[in-house]
Amino acid sequence: MKEHKITGLSCGHCAMKLQEQIQQLPGGHEAQVQFNSSKILLDEEIDINAVRKILASEKVRFEADGKPKGPNWLMIFLYVSAAAFIAALTAEWYTDQPALSIVFYGIATILSGYPTFMKGLRNLTKLKFDINTLMTVALIGAVAIGEWREAALVAILFGINELLESYGMEKARKSMETLLKVAPKEAVLLKDGKTEVISIEELNVDDIVLVKTGQKIPSDGVVVHGKSSVNEAAITGESLPVEKENGEPVFGGSINNEGILHVKVTKTYKQSALSKILALVQEAQESKTPTELFINRFANYYTPAVMIISALVMLIPPLLFNGAWGEWFYQGLAVLIVGCPCALILSSPIAILSGITVNARNGILIKGGAYLEQLSKIDVIAFDKTGTLTLGEPHVVADSLFHPDFYKVAYAIEKSSSHPLAKAVIKRCEELGTEEVEVDEIKTVSGQGISAIIDGVTYRLGNEKLIGDTDTDEETSKVIGKFKKEGNTIVLVAKDREVLGVFAIADEIRKESTDIIRDLHRKGIKETVMLTGDHPLVAEKIAKKTGVSSFFGGLLPEEKVKKVKELKGKYKVAMIGDGINDAPALATADLGIAMGKGTDSAIETADIVLMQDHLGKLPDAVEVSRKVNTVIKWNIGLSLGLKLFALLLTIPGWLTLWIAILSDMGATILVTLISLTVLLHNRNK
């Protein structure tokens, strides 16, 4: 399938009809007309001229055709039509020549209603019923009964409606396109001491690229020379710059703020995080939510039903209740206009597109409108612990000194180790400004710790098994017991039978976790649950500090799945994780959410990806999704409510053509404006 950009597509219902026509062409059964992104996907075997002809029927064309954009003829015609309408009114008031006013009304009707009229006539010959068909029948009927003023006013108001509708959709599209323009186009390749500007598609793994101040990093890589702060907002949504130096990873699409960086490419552009983000966002634009699918199906039956109701309004009062034929024919025409499905069809797509855009700007990738809608309905969020609520890195949470040499010995021994627990001890000792001493001899005892000789004295650092029997007093035993009871990993330092001190090490809780859990509950999440394979004592400690509603520790991956299934029996459940062991639970939940720096399997399985690698924007995403859902409900209610109100005016015979078009126009404008308020979400913060 080949993607083509198209212009002039302003009506969702029209997009559906165009797709149906193109799919009837040879090789066109898989064609897609994408209203939200204004694109069309076609098989390369299809007759492109036949497609072009079908598109032209709705004044839509391929952007690549290269025709100049030219003036906005619809707007020009509307200006002239409005002037002609005013001239007609003036002629009615100040002259006794009705023919003159009819001429001006005719000009106004033709100029503003011509595109609709031609489409409607073509549809009538094919027995296809859409808004253009309804409006054409209404215009013909109004002229037939001599209601020239009404016909002109209806045509002008409908033209204004079409113009505003296209502007509203274009605003949402441009907002999304701005987001998609973050991708760099070129890279400066360093090779044999020379530089060469190449396309980012030509980059290979292990290439070295030069990134100057203000330039975008072309693809994911590692800094091999230079130091700078980098703006990663395009990837993670974080506004604050991140310091980068030798060995630090960088994302393609992020901006070098100052200095010069040499970056070794670790992923080709197509494999980079930015490329995947843009692909996900573009796919998400065109995915249909259950609500949208229902509205589209409903519209297919709704339009013919409106025509039947209109016919009944025209026929029943005159035939059964001696009503005037002309009066009820006029009322029937008004019913046709009221029945326009434009506002109803627009109820969902602009809001969905805006919601996906806002979240993408915040570094939250939602893989489809259906998942955005699902997020708004979530009752329970289940969290993995490691790497999600915690940093996934050991951290000294407490320590106790029983001998003056404790920190000095621990620092000397651990400096030579790359073990995660050793890094935690080293960090703690450096924070305290511990004196550095040299180790004479060192020996690692697998699974237990390290034995070392310093200044001729043998020391042991490790777990209780390595330390063995010691002459610990009651106070020392009490401290060690307390640290163990709190679910910490214990690292002891001893000399002979004397314990010099103890470190209590645990996975560090993310600073934002407590606030995030609290905010989620405030946003309407009923329950937060932690599911972890870690020891229940550790789980209990983390649960108390973060404020989750409940927790389950010591779970294997299949047991996490079982817990998620149990929760799904009562609630709508989202699962958040970052490891390969979380992928089954992510797939089982109603909604899977992955941390952006987690494993590929977790990210691919998830429906939503948090690119910041922390939960900071999650409550915001929940709020946006609920706002979108509320907006859609309001839109549907308004569009149907205004139509029902207008239809009720037929009972006393008060419905006029201009009231009918105003009710439809009002609904469309309100639906569009309310949907666009979603884009203001970030600005309200």
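All values derive from a computational prediction rather than experimental measurement.
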pair [X]-[Y]: side-chain heavy atoms closer than 4.5 Å:
| X | Y | answer |
| --- | --- | --- |
| Ile364 | Val609 | no |
| Asn635 | Ile674 | yes |
| Leu319 | Trp325 | yes |
| Asp607 | Ile366 | no |
| Lys572 | Gln374 | yes |
| Leu89 | Arg149 | yes |
| Leu42 | His4 | yes |

Compare every heavy atom of [Y] with every heavy atom of [X], then report the nearest pair and how far apart it is.
| X | Y | answer |
| --- | --- | --- |
| Ile255 | Lys216 | CG1-CG, 4.0 Å |
| Ala84 | Ile107 | CB-CG2, 4.0 Å |
| Ala667 | Ser639 | CB-CA, 4.0 Å |
| Gln19 | Val33 | OE1-N, 2.9 Å |
| Val51 | Ile46 | CG2-CD1, 3.7 Å |
| Ile352 | Gly369 | CG2-CA, 3.8 Å |

With sequence neighbours excluded, what pairs up with Ser376 under the side-chain hydrogen bond (donor to acceptor under 3.5 Å, both in side chains) test?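 Ser376 satisfies side-chain hydrogen bond (donor to acceptor under 3.5 Å, both in side chains) with Asn629 once adjacent residues are dropped.
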
Would you please test Ile356 and Val628 for side-chain contact (heavy atoms from CB on, under 4.5 Å) and show each step? CA-CA 10 Å; Ile356 290 172; Val628 168; over 6 Å; no

Output the distance between atom [atom1] ([X]) and atom [atom2] ([Y]), rounded to the nearest 0.5 Å.
| X | Y | atom1 | atom2 | value |
| --- | --- | --- | --- | --- |
| Lys627 | Ile632 | NZ | CD1 | 13.0 Å |
| Leu111 | Phe77 | CG | CZ | 6.0 Å |
| Leu18 | Gln23 | CG | CD | 11.0 Å |
| Leu320 | Leu315 | CG | CG | 9.5 Å |
| Ile102 | Trp148 | CD1 | CH2 | 6.5 Å |
| Leu673 | Thr677 | CG | OG1 | 9.0 Å |

Is there a side-chain hydrogen bond (donor to acceptor under 3.5 Å, both in side chains) between Ser254 and Asn231 once you walk through the steps? CA-CA 6 Å; Ser254 51; Asn231 183 343; over 6 Å; no

Please determine if Lys523 and Glu623 form a salt bridge, counting it only when a charged side-chain N lies under 4.0 Å from a carboxylate O.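 Result for this pair is yes, salt bridge flagged.
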
If the condition is ring-ring contact (aromatic ring centres under 6.0 Å, His included), which residues does His29 pass it with, not counting sequence neighbours?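 Partners of His29 under the ring-ring contact (aromatic ring centres under 6.0 Å, His included) test: none.
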
The criterion is ring-ring contact (aromatic ring centres under 6.0 Å, His included); which residues satisfy it with Tyr330, sequence neighbours excluded?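 For Tyr330 there are no ring-ring contact (aromatic ring centres under 6.0 Å, His included) partners, ignoring immediate neighbours.
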
For the ring pair Phe104 and Phe85, is the centre-to-centre distance below 6.0 Å?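 Judged by ring-centre distance (under 6.0 Å), Phe104 and Phe85 do not meet the cut-off.
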
Residue pair Gln331, Met314: steps toward the side-chain contact (heavy atoms from CB on, under 4.5 Å) verdict: CA-CA 7 Å; Gln331 292 286 307; Met314 291 177 182; over 6 Å; no

State whether the number of non-hydrogen atoms from other residues, nucleotides or ligands found under 6.0 Å of Asn322 atom CG is greater than 12.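 Atom CG in Asn322 is not crowded, with 12 or fewer foreign heavy atoms closer than 6.0 Å.
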
Does Ser101 use its side chain to pair, donor to acceptor, with the backbone of Glu92 at less than 3.5 Å?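 Here the side-chain-to-backbone pair does not exist.
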
Is the backbone N or O of Ser112 less than 3.5 Å from a side-chain atom of Ser81, with the two atoms forming a donor-acceptor pair by type?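 Yes; at least one donor-acceptor contact below 3.5 Å.
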
Given the rule in the side-chain contact (heavy atoms from CB on, under 4.5 Å) test, do Leu375 and Val624 qualify, once you have shown the distances and angles that lead to the verdict? CA-CA 9 Å; Leu375 180 60; Val624 170; over 6 Å; no

Run Ile40 and Phe62 through side-chain contact (heavy atoms from CB on, under 4.5 Å) and show every step you take. CA-CA 9 Å; Ile40 184 170; Phe62 290 109; 3.8 Å; yes

